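Right, one structure below, let's go through it.
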Number of protein chains: 2
Amino acid sequence: MGTTERKKREKRQRRDTIIDAAEKIIFSKGLDQATMTEIAKEAELSKGTLYLYFKNKNELYMAITKRGSNILNQKLVKIFSGDHTGIELIRLMGETYLTFVRDNPGYFNAFLHYDSLRDTEDLQNSEIAQICEGNKQEAMALMVRALQIGIQDGTIKSSYNPKELAVIIWASTRGITMINHTMRQTDHHFKMIEDMEVNTDSMFENFLNLVGEGMATKKGQKKYD
Amino acid sequence: MGTTERKKREKRQRRDTIIDAAEKIIFSKGLDQATMTEIAKEAELSKGTLYLYFKNKNELYMAITKRGSNILNQKLVKIFSGDHTGIELIRLMGETYLTFVRDNPGYFNAFLHYDSLRDTEDLQNSEIAQICEGNKQEAMALMVRALQIGIQDGTIKSSYNPKELAVIIWASTRGITMINHTMRQTDHHFKMIEDMEVNTDSMFENFLNLVGEGMATKKGQKKYD
DNA sequence: CTATAAAATGACTGTTGGTCAGTAAGTGAC
DNA sequence: GTCACTTACTGACCAACAGTCATTTTATAG
């Protein structure tokens, strides 16, 4: 009989329930203010049970990171199923990232926290961390692929090393996303520049136009005029 | 007699001693692993005394953020005393930032933590936070000034709004710095891209060349060939 | 030397992450 | 139905730590 199967499924569901509860609490109050007891209560379980499914609070938060990066990567992969030139792919990836972070600031906080972990020992022994790492690498690989496509179809200059360029574009996009995110999170209370509310919506657009002039070929730039 | 003066000076010194101790402990173990008792011990004081000088652990960490941003801004301001074109100033600012973060990863962690704070109430009521905020704005203002100088001296295209451009350049530079920082912190254990150790040293250089083509005039680009 | 103020202390409290001995629920054999 | 056994869950408990405050120590001035 499929008892074993059912048990496994139920266990996965419990796990998901816990992650759901953790997201709800942590996203609303922040990691520090969220307590394991409260998360347990939200999941209608006792605190002890949480520790049967997750080694500790950090690992639970990493499970959220994993879930977030899975969702993001799914969106990124989907872009490639459409019929786009290389430069268009770059733009779409950036916009997708920006939109994802805007709609899911909690996940982005989880990403940032994940990146701030330093205990290499712990990270390497954690299965979840390995998957998070894999997702990061996959996103980067997609960007490389977009650039290679662009070089192939002539929308991106062939003088660049796609891997090097990918890292730069990705890093810059993240930087812009972060400013965006931080400003939203602090409720626009602190302004970056006196007498100027930066239009966060157009920032990535402007960035692409700026970088586009260096990166794209004439053919690749046409789209932006 | 100057007793009052001396007392004030001694109080400042105590404060600095505590910050010194806090840096030593927090930079080496990370904020979470550092305890107030240990910091007190390092400062040769008792825990209670720490709370006479700082409202709580977070405010102490913010004092570190303040100190770090003061040091960084000092370096940034100094750049402007030299005889440089606008585009050169941009490059120098980026390089200064990158070098600062490389040499002082602890301060950068403090910056990141500061940016992640969300409790706007607390932030606004904190004198230290106000100064940190002022430093951020000052750095941004310097970047705007560099761009304005560049537009004036013809090394930067006049078609851009210097304020908008400043935010983009600053954000991108931060993004690149962050990747750099994260990779160093995790001891290069996780690679970004398969079969490729990204040369972190040349990343900003490449970024500037890329952006330079969009931002700089012909005259401004000459320097980079 | 004494009175007063300022500075420093560390025992104490409340909270929280994490543990584990004990309990409950589920499963399969008979 | 019930017994033996396994798996899942519980919450009292512990240790560690941030933050407090009554008390002690030190400095100052008359």
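Since we're looking at a predicted model, the values are computed, not measured. Note on naming: letters A, B, ... go to the chains in the order of the sequence lines (proteins, then strands), and numbering restarts at 1 for each one.
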Once rounded to the nearest 0.5 Å, what's the spacing between atom CG of A:Leu52 and atom OG of A:Ser46?
8.0 Å
In this structure, CE of B:Met203 is separated from CD1 of B:Ile179 (nearest 0.5 Å) by 5.5 Å
If the condition is ring pair (Phe, Tyr, Trp, His ring centres under 6.0 Å), which residues does B:His113 pass it with, not counting sequence neighbours?
B:Tyr61
Side-chain touch [X]/[Y], heavy atoms, less than 4.5 angstrom:
X	Y	answer
A:Ile128	A:Lys55	no
A:Ser126	A:Met62	yes
A:Met143	A:Leu165	no
B:Asn180	B:Val101	no

Please state how far atom [atom1] in [X] lies from atom [atom2] in [N], giving the value in whole angstrom units.
X	N	atom1	atom2	value
A:Glu10	D:dT7	CD	C1'	12 Å
A:Gln13	D:dA8	CD	P	14 Å
B:Lys8	C:dA6	NZ	C1'	15 Å
A:Arg14	D:dA8	CZ	P	10 Å

Show me the donor-acceptor pairs within less than 3.5 Å that the side chains of residues 32-41 of chain A make with the rest of the protein, sequence neighbours left out.
residue : atom : partner : partner atom : Å
A:Thr35 : OG1  : A:Glu38 : N            : 3.1
A:Glu38 : OE1  : A:Lys29 : NZ           : 3.0
A:Glu38 : OE2  : A:Lys29 : NZ           : 3.3

Stretch residues 51-67 of chain A: residues that reach within less than 4.0 Å of DNA chain C through a heavy atom:
A:Tyr51, A:Asn56, A:Lys57
May I ask you to list the residues of residues 30-45 of chain A, by number, that have any heavy atom positioned under 4.0 Å from an atom of DNA chain C?
A:Ala34, A:Thr35, A:Met36
hbond_proxy B:Lys11 side chain to C:dA7 base (donor-acceptor, 3.5 Å cutoff):
no
Residues in contact with DNA chain D, drawn from residues 15-29 of chain B - heavy-atom cutoff 4.0 Å:
none
Any protein N or O atoms within reach of nucleotides 24-26 of chain C? Criterion: under 3.5 Å, listing atom names and distances.
none

Looking at C:dT9, D:dC9, D:dA18, which one has an atom nearest to any side-chain atom of B:Lys47?
D:dA18
Give the ring-plane orientation class for A:Trp170 versus A:Tyr97, where under 30° counts as parallel, over 60° as perpendicular and anything between as tilted.
tilted
Measure up the A:Tyr107 and A:Phe27 rings against each other and bin them: parallel (under 30°), tilted (30 to 60°), perpendicular (over 60°).
perpendicular
Ion pair present between B:Glu44 and B:Arg14, side-chain N to carboxylate O less than 4.0 angstrom?
no
Short N-O contact, B:Asp103 and B:Lys75, less than 4.0 angstrom:
no
Using distance alone, with no hydrogens and no angle criterion, decide if B:Tyr114 and B:Glu133 have a side-chain donor and acceptor under 3.5 Å apart.
yes
When you measure from the side-chain N and O atoms of B:Thr49 to the phosphate of C:dA8, is any distance below 4.0 Å, counting only OP1 and OP2?
no
